[in-house]
Amino acid sequence: MTITDFFDARLFMSATITLIVIMDPPGTVPVFLSLTGRKSVAFRAKAARQAVLVSLLVISLFAVAGQAILSYLGIGIPALQGAGGLLLLLIALQLLTGKTGGEAEAAGDDVNVALVPLGTPLLAGPGAVAATIVFVRQADGHVGAYVALALSIVTVHFVLYLCMRYSGVVIRLIKESGITLLAKIAGLLLAAIAVELVANSVKGFIAGT
């Protein structure tokens, strides 16, 4: 028996780098601040924790049963990309226009902002889900590969948590006006990501026909 039987270091590095590139921990900071920058430190810490836990739960679920779920429902990766893109586009339009639907709706957002759009589809988006399913296929039943993939997923989410949890340093630098500007920039970036997801979705449907 070799160390690979217990831990596949090559798969760990490959999965960690791939997921970090896709989930982009530094890139989540502007969106996170645009949604929570005006809240208290305690709220931001709670939102960061909840968003990471939701993302971890979603990614873990698809790692364990992703292919089976998609096959049972007859859903392909292009459909996931299209749905995620449309949802992100709605959030982006709200950030760009500054329209959140009133105070009553904003109160509800306080509870759910960590779930949607932070936890999913921003963190646990179609790209991360698809990559996870691919790495599970690569594991091909080897225990060491599964251990490496699990540790990789946890490591990436820990990095995500650190980036969002300590984003308050940025708030002290940019102040209130900076948060408003950041919201517009984040909205533009989210819109671009959404369009890219929808475009990839269309390409995927065309390629599958």
Side-chain angles (χ1 to χ4, degrees), residues 1-32 35-36 44-85 87-88 112-167 193 196-197 200-201 204:
M1 297 183 69
T2 64
I3 190 172
T4 307
D5 295 323
F6 300 99
F7 182 77
D8 189 336
R10 180 176 297 179
L11 181 62
F12 171 78
M13 291 300 298
S14 177
T16 300
I17 293 173
T18 300
L19 289 176
I20 284 182
V21 170
I22 292 174
M23 302 178 82
D24 189 16
T28 62
V29 173
V31 180
F32 180 75
L35 295 171
T36 65
R44 288 198 302 274
K46 181 180 179 182
R49 183 171 62 253
Q50 289 180 337
V52 168
L53 288 176
V54 168
S55 176
L56 181 60
L57 177 63
V58 172
I59 294 295
S60 299
L61 176 63
F62 277 95
V64 173
Q67 192 60 58
I69 293 173
L70 295 182
S71 298
Y72 177 76
L73 296 176
I75 299 173
I77 297 300
L80 276 180
Q81 291 175 321
L87 182 56
L88 282 181
N112 299 320
V113 67
L115 309 182
V116 178
L118 288 176
T120 183
L122 186 59
L123 299 184
V129 167
T132 301
I133 293 176
V134 169
F135 283 121
V136 170
R137 289 175 181 171
Q138 290 181 10
D140 196 26
H142 297 294
V143 175
Y146 286 139
V147 171
L149 181 57
L151 186 58
S152 172
I153 292 172
V154 171
T155 300
V156 172
H157 281 84
F158 181 67
V159 174
L160 284 165
Y161 173 74
L162 290 179
C163 287
M164 291 189 292
R165 175 64 180 84
Y166 296 103
S167 59
I193 294 172
E196 184 70 23
L197 283 174
N200 289 336
S201 173

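Since the structure is predicted, the reported quantities are computational estimates derived from the model, not experimental observations. Along the sequence shown, residues are numbered consecutively beginning with 1.
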Q: Assess whether side-chain contact (heavy atoms from CB on, under 4.5 Å) is satisfied between H157 and I59, documenting all intermediate values.
A: CA-CA 10 Å; H157 281 84; I59 294 295; 4.0 Å; yes
Q: Would you check, one step at a time, whether the test side-chain contact (heavy atoms from CB on, under 4.5 Å) holds for M23 with L160?
A: CA-CA 8 Å; M23 302 178 82; L160 284 165; 3.6 Å; yes
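For the atom pair CG of L35 and CG of L122, the computed distance is 8.5 Å after rounding to the nearest 0.5 Å. Separation of atoms CG (L53) and OG (S60) is listed at 10.5 Å; rounding is to 0.5 Å. From L19, atom CG reaches atom CG of D24 across 12.5 Å, with rounding to the nearest 0.5 Å. We find the CZ-CZ distance between R165 and F158 to be 12.0 Å, quoted to the nearest 0.5 Å. How far CZ of F135 is from OG1 of T16: 8.5 Å, rounded to the nearest 0.5 Å.
With contacts defined as side-chain heavy-atom distances shorter than 4.5 Å, the pair L11/S152 does not qualify. Residues I20 and P25 form a side-chain contact, since some pair of their non-hydrogen atoms from C-beta on lies under 4.5 Å apart. Residues P26 and T28 are not in side-chain contact: their nearest non-hydrogen atoms beyond the backbone lie 4.5 Å or more apart. Side chains of F62 and L70 form a contact here, defined as non-hydrogen atoms less than 4.5 Å apart. L57 is not listed as a side-chain neighbour of L61, based on a closest heavy-atom distance of 4.5 Å or more.
When all heavy atoms of A114 and A47 are compared, the pair lying nearest together is CB-O, 3.5 Å. Here the shortest heavy-atom pairing between L123 and A51 reads CD1-O, 3.9 Å. Across all non-hydrogen atoms, the minimal contact from I22 to A131 is CD1-CB, 3.7 Å. Closest approach of C163 and V29 over heavy atoms only: O-CG2, 3.7 Å.
No donor-acceptor distance shorter than 3.5 angstrom exists from the side chain of S201 to the backbone of L197, with no hydrogens or angles considered. Using modelled atom types, no side-chain atom of S14 and backbone atom of R10 make a donor-acceptor pair closer than 3.5 Å. In this structure, the side chain of Y161 does not engage the main chain of R49 through any donor-acceptor pair within 3.5 Å.
A side chain to side chain donor-acceptor pair (under 3.5 Å) check over residues 114-140, counting only residues at least two apart or in different chains, returns the pairs Q67-R137.
Every ring-ring contact (aromatic ring centres under 6.0 Å, His included) that F12 has, sequence neighbours left out, goes to F7.
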